Amino acid sequence: MPDEPERVPQPAAKPTRRIDARSLRGLAHPLRMKIFELLSLDGPATATGLSERLGANTGTVSWHLRHLAEHGFIEEETGRGTKRERWWKRVSATYVLKSADFHDDPDTRGALSVYMHELVQQYFSRVTDYLSEDWDEEWRNVGTVSDWRDLRMTPHQLAALNAELMAVLARHTPAPDVEPDPESLPVVVQLQSFPRKERGTA
């Protein structure tokens with residue numbers, strides 16, 4: 001009887017957290033979203049370090065950090081820092097927001113609008129930063145800013161496309177305990193897929 005192939009243990013998936021009305025209102029603020037983005041992209045930081053990067057008052061940043069922690073988006077990094085200078089990190093979770101959850105809730109429409117506007121601004125800023133920065137030829141030639149416009153899909157087909165793309169990204173996402181290649185750099189993949197209303201010509 002042939003030996004069974006060795007089973008490679010799969011990394012534990014991050015817990016998924018669905019953003020509800022309360023947590024949405026806690027996150028939907030321009031400065032809080034910038035703070036959350038920096039902690040997500042670059043790892044733990046202090047209020048002082050964040051205030052220098054954001055050009056904001058340290059006391060104001062500290063207040064927003066506590067607000068994000070109250071809503072469960074970030075937490076203090078234990079065993080690091082002092083009583084006067086605390087380090088903060090993003091909570092290890094995958095956050096999911098379904099805009100349909102708030103369709104019939106007028107009290108959250110304002111927060112949803114702020115959140116989506118700031119999110120799109122963040123995506124836009126990442127692309128413009130990449131295009132304006134000086135990269136060597138090896139890295140410049142592998143980045144892409146592309147779009148595909150010759151698609152016609154039903155809602156089911158669009159959902160299936162997104163699921164397949166997510167599966168591809170999952171296959172390329174390393175386990176958290178794997179040491180990165182010394183030549184690697186952080187990579188951001190921004191997936192934007194949405195229907196477009198048809199507009200006829202007059």
Side-chain angles (χ1 to χ4, degrees), residues 12-99 101-102 105 107-135 143 145 166 169-170 173-174 176-177 180 184-192 194:
K14 290 182 181 179
T16 299
R17 176 182 172 189
R18 191 155 179 163
I19 297 178
D20 59 17
R22 180 180 178 276
S23 55
L24 174 62
R25 287 192 291 269
L27 180 60
H29 181 281
L31 185 55
R32 282 199 288 276
M33 289 188 66
K34 288 185 176 77
I35 291 170
F36 188 58
E37 181 190 33
L38 291 181
L39 294 177
S40 299
L41 292 177
D42 299 325
T46 64
T48 300
L50 290 167
S51 66
E52 291 173 355
R53 294 184 64 182
L54 294 168
N57 177 275
T58 303
T60 301
V61 170
S62 294
W63 186 87
H64 285 296
L65 283 165
R66 291 193 296 272
H67 201 78
L68 286 167
E70 179 185 336
H71 286 84
F73 289 103
I74 67 171
E75 62 188 357
E76 188 175 354
E77 188 170 46
T78 57
R80 188 176 184 180
T82 63
K83 289 183 178 180
R84 296 189 61 183
E85 189 73 295
R86 298 194 289 178
W87 285 78
W88 297 92
K89 64 179 181 179
R90 174 188 168 128
V91 170
S92 180
T94 299
Y95 294 94
V96 177
L97 184 142
K98 300 286 187 181
S99 59
D101 291 349
F102 314 106
D105 185 359
D107 292 337
T108 58
R109 285 181 188 166
L112 180 62
S113 177
V114 170
Y115 174 85
M116 296 306 298
H117 179 269
E118 291 300 319
L119 194 64
V120 171
Q121 284 296 116
Q122 287 180 1
Y123 291 168
F124 175 77
S125 295
R126 292 174 194 171
V127 174
T128 55
D129 286 347
Y130 162 70
L131 294 174
S132 65
E133 290 167 346
D134 185 25
W135 295 93
V145 179
M166 296 294 182
L169 290 171
T173 302
D177 57 347
S184 67
L185 287 176
V187 170
V188 173
V189 178
Q190 297 184 179
L191 175 60
Q192 298 158 342
F194 45 84

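Since the structure is predicted, the reported quantities are computational estimates derived from the model, not experimental observations. Any value given below was found using the heavy atoms of this structure, including those in side chains, with hydrogens, waters and symmetry copies removed.
Note that CH2 of Trp87 and OG1 of Thr48 are 10.0 Å apart. Values are rounded to the nearest 0.5 Å. To the nearest 0.5 angstrom, Ser62 atom OG is 14.5 Å from His67 atom NE2. Separation of atoms CG (Leu24) and OH (Tyr115) is listed at 8.0 Å; rounding is to 0.5 Å. One distance of note links CZ of Arg18 with NZ of Lys98; it measures 6.0 Å at 0.5 Å rounding.
Judged purely by atom type and a 3.5 angstrom limit, Thr173 uses its side chain to pair as donor or acceptor with the backbone of Leu169. Proximity of a side-chain donor or acceptor of His71 to a complementary backbone N or O of Phe73 within less than 3.5 Å is not detected. For the pair Thr108 (side chain) and Ala111 (backbone), a donor-acceptor distance under 3.5 Å is absent. The backbone N or O of Ile19 lies less than 3.5 Å from no partner atom in the side chain of Ser23, so there is not a single donor-acceptor pair.
Within the 4.5 Å cutoff, no side-chain heavy atoms of Thr94 are placed close to those of Arg17. In this structure the side chain of Trp135 reaches within 4.5 angstrom of the side chain of Leu185, judged on heavy atoms. Counting heavy atoms from C-beta outward, Val189 and Val187 have side chains that approach closer than 4.5 Å.
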Residue pair Gln190, Gln192: steps toward the side-chain contact (heavy atoms from CB on, under 4.5 Å) verdict
CA-CA 6 Å; Gln190 297 184 179; Gln192 298 158 342; 4.0 Å; yes

Test log, rule side-chain contact (heavy atoms from CB on, under 4.5 Å), inputs Glu75 and Trp88:
CA-CA 6 Å; Glu75 62 188 357; Trp88 297 92; 5.7 Å; no

Using the rule given for salt bridge (charged side-chain N to carboxylate O under 4.0 Å, His left out), can you reason through Asp107 versus Arg25, listing the C-alpha separation, both sets of side-chain angles and the distance that settles it, and then say yes or no?
CA-CA 10 Å; Asp107 292 337; Arg25 287 192 291 269; over 6 Å; no

Evaluation steps, side-chain contact (heavy atoms from CB on, under 4.5 Å), between Arg86 and Arg66:
CA-CA 11 Å; Arg86 298 194 289 178; Arg66 291 193 296 272; 4.1 Å; yes

Apply side-chain contact (heavy atoms from CB on, under 4.5 Å) to Leu97 and Leu112, showing your working.
CA-CA 10 Å; Leu97 184 142; Leu112 180 62; 3.9 Å; yes

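Counted within 6.0 Å of OH on Tyr123, heavy atoms from surrounding residues, nucleotides or ligands total 12 or fewer; the atom is thus considered open.
Minimum interatomic distance between Glu85 and Ala47 (heavy atoms only, all atoms of both residues): OE1-N, 4.4 Å. Summarising the geometry of Ile74 relative to Leu65, their closest heavy-atom pair is CD1-O, 3.3 Å, with the distance given to 0.1 Å. When all heavy atoms of Leu27 and Arg32 are compared, the pair lying nearest together is O-CB, 4.0 Å. The two residues Ala28 and Val114 make their nearest non-hydrogen contact at O-CG1, 3.7 Å. Contact record, Gly72 with Val91: O-CG2, 3.4 Å, taken as the closest heavy-atom pair. Minimum interatomic distance between Ser51 and Thr58 (heavy atoms only, all atoms of both residues): OG-OG1, 3.2 Å.
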N/O donor-acceptor pairs under 3.5 Å from side chains in residues 33-43, not counting sequence neighbours:
{"from": "Glu37", "atom 1": "OE2", "to": "Arg126", "atom 2": "NE", "distance (Å)": "2.9"}
{"from": "Glu37", "atom 1": "OE2", "to": "Arg126", "atom 2": "NH2", "distance (Å)": "3.1"}
{"from": "Ser40", "atom 1": "OG", "to": "Phe36", "atom 2": "O", "distance (Å)": "2.7"}
{"from": "Ser40", "atom 1": "OG", "to": "Arg90", "atom 2": "NH1", "distance (Å)": "2.8"}
{"from": "Asp42", "atom 1": "OD2", "to": "Arg53", "atom 2": "NH1", "distance (Å)": "3.1"}
{"from": "Asp42", "atom 1": "OD2", "to": "Arg53", "atom 2": "NH2", "distance (Å)": "2.9"}

